[in-house]
Amino acid sequence: MQLIFSGDAALAEIVWLSLRVSGIALFISTLAGIPAGALLALKRFRGRRFVVTLIYTGMAFPPVVIGLFVYIFLSRSGVLGGLNWWWVPSLFTPAAMIVAQTIIAFPLVAGFTMAAVMGVDPSLRVQVRALGASPWQSTWAILEEARTGVIAAVVAGFGGIISEVGAVMLVGGNIQGRTRVLTTAIVLETNKGNFSMALALGIILIGIAFVTNFFVLRLQGRTFE
Amino acid sequence: MSSTPPLYRLCGVTRRYTSAQSGMRTVLNIRDLSIPHGQIMVLVGPSGAGKSTLLRLLNWLEPPDDGEIHFEGGIYGAQREPPLALRRRVTTVFQRPVLLQRSVAENVAYGLRLRGQAHADARIAQALAAVGLDTMAHQPARTLSGGEAQRVALARAMILEPTALLLDEPTANLDPYNVGVIEQTVRRLNETQGTTIVLVTHNVFQAQRLAHRVALLLDGQVVEEADAETFFHAPRDTRTSAFVRGEMVY
Ligand SMILES: Nc1ncnc2c1ncn2[C@@H]1O[C@H](COP(=O)(O)OP(=O)(O)OP(=O)(O)O)[C@@H](O)[C@H]1O
Ligand SMILES: [Mg+2]
């Protein structure tokens, strides 16, 4: 307990990096995942079934395998890493971890958003259009009606990456002061037999999950009853 | 007949649906139908006749496959949808209203909000009072009874002051009290604002109570269209007399 409140600088850095990496990854996958989920729920197009299958597969995909793919792609001898383009992040950087976590969270956000939007009464769209909604306005109305589920989709995405070890370990490398996050630090401290430190980190992780979910429930507000 | 042009004129309007079992089927085929300004036009006909489909075309919720819909000086059709501003002159109340998971007042304000009109508290209160729901403004819409929900649906449509208000069996499954409130509100809207009403109903008595003109649809075609007096008391078509006597099976 003392460890948590002692204000240890190294610890604060780990927590901050965890939040930053997962926060940015969640932001990107939310930005892409909510429109993708809405599109899959509302539009009929060729290949839709195939895309949905891919998303569902992605939702159940072992993160460590995604980490492996990202590793292969980004490594110096890999497809993208070899190109040396400025926007391709190097391995063992926070940016590489963000890439992996974005790929992990995206199908979760998109898949759960799709399910939530499909749960909205299909007549709603026709009725808001009859009230004068433009196509964008009717899509927005449907998303608003699905908001409890859409927020849950984002929570699922966050839960999927803040607690994830394998991928960040692979592509981040758990470098102290650079790519060490809560989960990888827990693994390390446990391996060293440093159980009290590992436990403290674990409690912080649970605390983060609790606090975010507490605020999410407030956000869902009246519809959650 | 009257010298002013009708609000709607439909010429050769058809609508086809394709289904897995029966393939392509023409569910609506209207040779020539006019809907005059400021009147209550009632559409009757057996189930599957195409009444709801016709209302969807009138509100441009879907395009016709063929033909022309003349409306407010424009001609629209399969390839030509009216601009949003014109589409917003028409709205529909459906048999089963779907309200937003918000308060009653927010539901009533919704259409105004779509049009970028805020600060309409007085109008909202007025619309709710018109349907007798002024005390329920702040209640969540999902707690309403069926009749109350339908009255909210009417209020959220009325507040838009549409040129044409389309009603698709708005009182089916409602108790006499709610039926009365809705009929009275619709009639008053027509009388005071001159709103053109197109009402679909299965209830011949309701048609008699409200209609200025009546059209009978059968298998997607208009069998007879006449003023209410003629339609109910001296119809030209034997199928109309059968319908009026309640002999038509539906
Ligand atoms: N989206 C659709 N796809 C395929 N067929 C449809 C569709 N909508 C309506 N139909 C068919 O078109 C025909 C006319 O339907 P419509 O709903 O307009 O009838 P209605 O006169 O309103 O009937 P009711 O009195 O039962 O409401 C029906 O046979 C119906 O099955
Ligand atoms: Mg119908």
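Order of the sequence lines fixes the chain letters, A, B, ..., with proteins taken first and strands second; residue numbering starts at 1 for each chain.
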Note to self: B:Gln206 vs B:Glu183, test: side-chain hydrogen bond (donor to acceptor under 3.5 Å, both in side chains). Steps then yes/no.
What the structure shows: CA-CA 8 Å; B:Gln206 182 168 61; B:Glu183 285 186 3; 2.8 Å; yes

Checklist line | Donor-acceptor contact present, side-chain A:Gln101 to main-chain A:Val168, <3.5 Å | finding: no

Enumerate donor-acceptor pairs with a distance under 3.5 Å from any side-chain N or O in residues 112-121 of chain A to protein atoms, sequence neighbours excluded.
from     : atom 1 : to       : atom 2 : distance (Å)
A:Thr113 : OG1    : A:Val109 : O      : 2.7
A:Asp121 : OD1    : A:Ser123 : N      : 2.9
A:Asp121 : OD1    : A:Ser123 : OG     : 3.1
A:Asp121 : OD2    : B:Arg96  : NH1    : 3.1
A:Asp121 : OD2    : B:Arg96  : NH2    : 3.4

Checklist line | Pick from B:Thr91, B:Val98, B:Val93, B:Leu99 with the largest number of heavy-atom pairs that fall under 4.5 Å of chain A | finding: B:Val98

Notebook entry, point to check: Between B:Leu114, B:Leu61, B:Asn59, B:Val90, which shows the greatest number of heavy-atom pairs under 4.5 Å with chain A?
Noted result: B:Leu114

Note to self: What I want to find out is whether A:Arg180 reaches A:Glu13 closely enough, with some N-O distance under 4.0 Å, to be called a salt bridge.
What the structure shows: no

Next item on the list: Can you tell which part of B:Arg89 gets under 4.5 Å to a heavy atom of chain A, answering side chain, backbone, both or neither?
Entry: neither

Next item on the list: For each of B:Leu100, B:Thr92, B:Leu84, tally heavy-atom pairs with chain A at distances under 4.5 Å, and name the one with the top tally.
Entry: B:Leu100

